[in-house]
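Atom set for the values below is all heavy atoms of this structure, side chains included, hydrogens, waters and symmetry mates excluded. Just so it is clear: chains get the letters A, B, ... in the order the sequence lines come, proteins before strands, and each one is counted from 1.
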Number of protein chains: 2
Amino acid sequence: MSDTSYAYAQVRETISQQIAEQKLTGNLPSERELCATYDVARSTLRQALGQLEHMGLIYRKNRSGWYVCPRKLKYDPMQHTSFLQYTTAQGFQPSTKLVEQKKQKPCKEIANALELDGRTSLTSILRVRSVDGRTVVVEELNFSNKHLPNIDKHDLSLSISVLLKNTYHHHNVLYDIAVESCCLFNPIAQYLNTYDGALGLKVTRIVRDLEGTAFEFDREYWRHDALMIENKAKLHF
Amino acid sequence: MSDTSYAYAQVRETISQQIAEQKLTGNLPSERELCATYDVARSTLRQALGQLEHMGLIYRKNRSGWYVCPRKLKYDPMQHTSFLQYTTAQGFQPSTKLVEQKKQKPCKEIANALELDGRTSLTSILRVRSVDGRTVVVEELNFSNKHLPNIDKHDLSLSISVLLKNTYHHHNVLYDIAVESCCLFNPIAQYLNTYDGALGLKVTRIVRDLEGTAFEFDREYWRHDALMIENKAKLHF
DNA sequence: GCGCATATTTGGTATGGACCAAATGACGGC
DNA sequence: GCCGTCATTTGGTCCATACCAAATATGCGC
């Protein structure tokens, strides 16, 4: 049991317990109602709600209200099962929407990672992915035109891994993944139906061929409360 | 560039930029000073500071002040390089302290993961690990006495992997890792010199032998701003 | 029943003041 | 120079209030 010596901690523990016992489902009462119930100021209540949000127990829809979080999606960035595959396997209804596709020059970070100079062109797509009608991740995928000739001529709203396999014959690739917590700002926060400054998880991925030449650089911005990273491996001491 | 239509966002962007340009290092001016500088109320300023904290740019020492974050530690939970190894390799000064060791009955979650009944005993240790004098992670390690006979008779302040290898002959093991964002509460928050409700990253690890029998269950609570999870793999489409 | 304008509710932003506890710094005695 | 004591500074908690913008509910006309 956590510390309950402060008002916000008591409110937090009470609500947290009600959620655990499933006495609280769907959407919560309004902040002003909760203030009255627990006899605290709105700022104190919002401190409690903020912590419950960080615990992944509740989330907010912009100016609409607070809701109890659905269960988390389990995701292994090292596996190459598709989004469709691993979400449906866990009983979710997935959907993906391609938001934008453009050809552009790489930023410093990408140029560095893909060992490109600033003039080489890059094909970038932005897509949002949802489960059960709730957007959980915004993905920015960047492909090096130099290493994947004419990639911008293909339909990138279809499966990218199939494209890499069939058209570019990348059957074996190396993954470089980084996961860190981050802050979500507009416009990404808006895609995720959350607020400017919300908490998120950032997954960065560099994809290389077996010679070590990098041809893809991805950034995934996840709702922090929608995701649990999972990973299995065999180790030799 | 992020949204700056609000006061807190402007303060955030200004300070963020000063940190990026290294005009701001070490500890920040006091909150009341910053309020005067940016002409905002303290709660507004604290909202900005809170977001910079979530971005991993600044952190606070309890009732002492705000400080610019040192660089993050890179950590691959799937590798079996020791804490000592990977921290020094990155130029940090590591240290570990064993806080507590006890023999106890497993909680529900652990009993379930290790397939024990509630009566089987468990040897648990709690240790804190620091880099450059800053505590970054609290680890709780739990060993099944049934599968590792007399483990409580050994000195668990030494390297556990050496013990597993030499005494119990576990040269090959299976790892089940989960990473998710979490909230840090007392007393763990206190070990990490942070506040009740601070943001963290939780790493859960189940260790099995090659037959799949689990004998160890670990929980790591990391400062969210101290850690970047890294992972490399070769994949076959 | 449907569409549209309007009123209401909701969270989001922001202010300013108050008090507390712990960390820090200054001071004095030794 | 060291070690306690005490005053000051600092962030941590909490309150009451106000106004805004967007989401939602309401009710009217058709």
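- The distance from atom CG of Leu45(B) to atom CH2 of Trp66(B), rounded to the nearest 0.5 Å, is 8.5 Å.
- For dC14(D), the OP1/OP2 oxygens have no side-chain nitrogen or oxygen of Tyr8(A) closer than 4.0 Å.
- Applying the salt bridge (Lys or Arg N to Asp or Glu O under 4.0 Å) definition to pairs two or more places apart or across chains, those involving residues 71-97 of chain A are Lys72(A)-Glu180(B).
- Side-chain N/O atoms of Thr44(A) include one lying less than 4.0 angstrom from OP1 or OP2 on dC15(D).
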Check residues 130-137 of chain A and write down every donor-acceptor pair under 3.5 Å in which the side-chain atom is one partner and the other belongs to a residue at least two apart or another chain.
{"from": "Ser130(A)", "atom 1": "OG", "to": "Thr135(A)", "atom 2": "OG1", "distance (Å)": "3.2"}
{"from": "Asp132(A)", "atom 1": "OD1", "to": "Gln93(A)", "atom 2": "N", "distance (Å)": "2.7"}
{"from": "Arg134(A)", "atom 1": "NH2", "to": "Asp225(A)", "atom 2": "OD1", "distance (Å)": "3.0"}
{"from": "Arg134(A)", "atom 1": "NH2", "to": "Asp225(A)", "atom 2": "OD2", "distance (Å)": "3.2"}

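- Under the 3.5 Å distance criterion, the side-chain polar atoms of Arg127(A) are left unmatched by any main-chain donor or acceptor of Ser157(A).
- Looking at Lys232(B) and Glu230(B), no side-chain N of the basic residue comes within less than 4.0 Å of a carboxylate O on the acidic one, giving no salt bridge.
- Between the CH2 atom of Trp66(B) and the C1' atom of dG11(D) there is a distance of 9 Å, rounded to whole Å.
- Of all nucleotides in DNA chain C, those with any atom nearer than 4.0 Å to a heavy atom of chain A start and finish, going 5' to 3', at dT10(C) to dT13(C).
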Does Ile19(A) form a side-chain contact (heavy atoms from CB on, under 4.5 Å) with Ile58(A)? I'd like the steps, not just the answer. CA-CA 9 Å; Ile19(A) 292 174; Ile58(A) 62 175; 3.6 Å; yes

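- Look at CD on Gln190(A): it is 10 Å from P on dA22(D), rounded to the nearest Å.
- Residues satisfying the side chain to side chain contact (heavy atoms under 4.5 Å, CB included) test with Arg32(B), not counting sequence neighbours, are Ser30(B), Arg42(B).
- Remark: Gln190(B) CD to Tyr195(B) OH distance equals 14.5 Å, nearest 0.5 Å.
- Counting non-hydrogen atoms under 4.0 angstrom, Tyr195(A) reaches nothing in the nucleic acid.
- Taking 4.0 Å as the cut-off between side-chain N and carboxylate O, Glu31(B) and Arg46(B) count as a salt-bridged pair.
- DNA chain C is contacted by Ser30(A), Glu31(A), Arg32(A), Arg42(A) of residues 29-42 of chain A, taking any non-hydrogen atom closer than 4.0 Å.
- Ion pairing of Lys202(B) with Glu220(B) is absent here, as no side-chain N (NZ or NE/NH1/NH2) approaches a carboxylate O to less than 4.0 Å.
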At a cut-off of 3.5 Å, list every protein nitrogen or oxygen paired with a nitrogen or oxygen from nucleotides 23-25 of chain D, distance to 0.1 Å.
{"from": "dT24(D)", "atom 1": "OP1", "to": "Ser64(A)", "atom 2": "OG", "distance (Å)": "3.4"}

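- Between His54(B) and His54(A), the gap from one ring centroid to the other is short of 6.0 Å.
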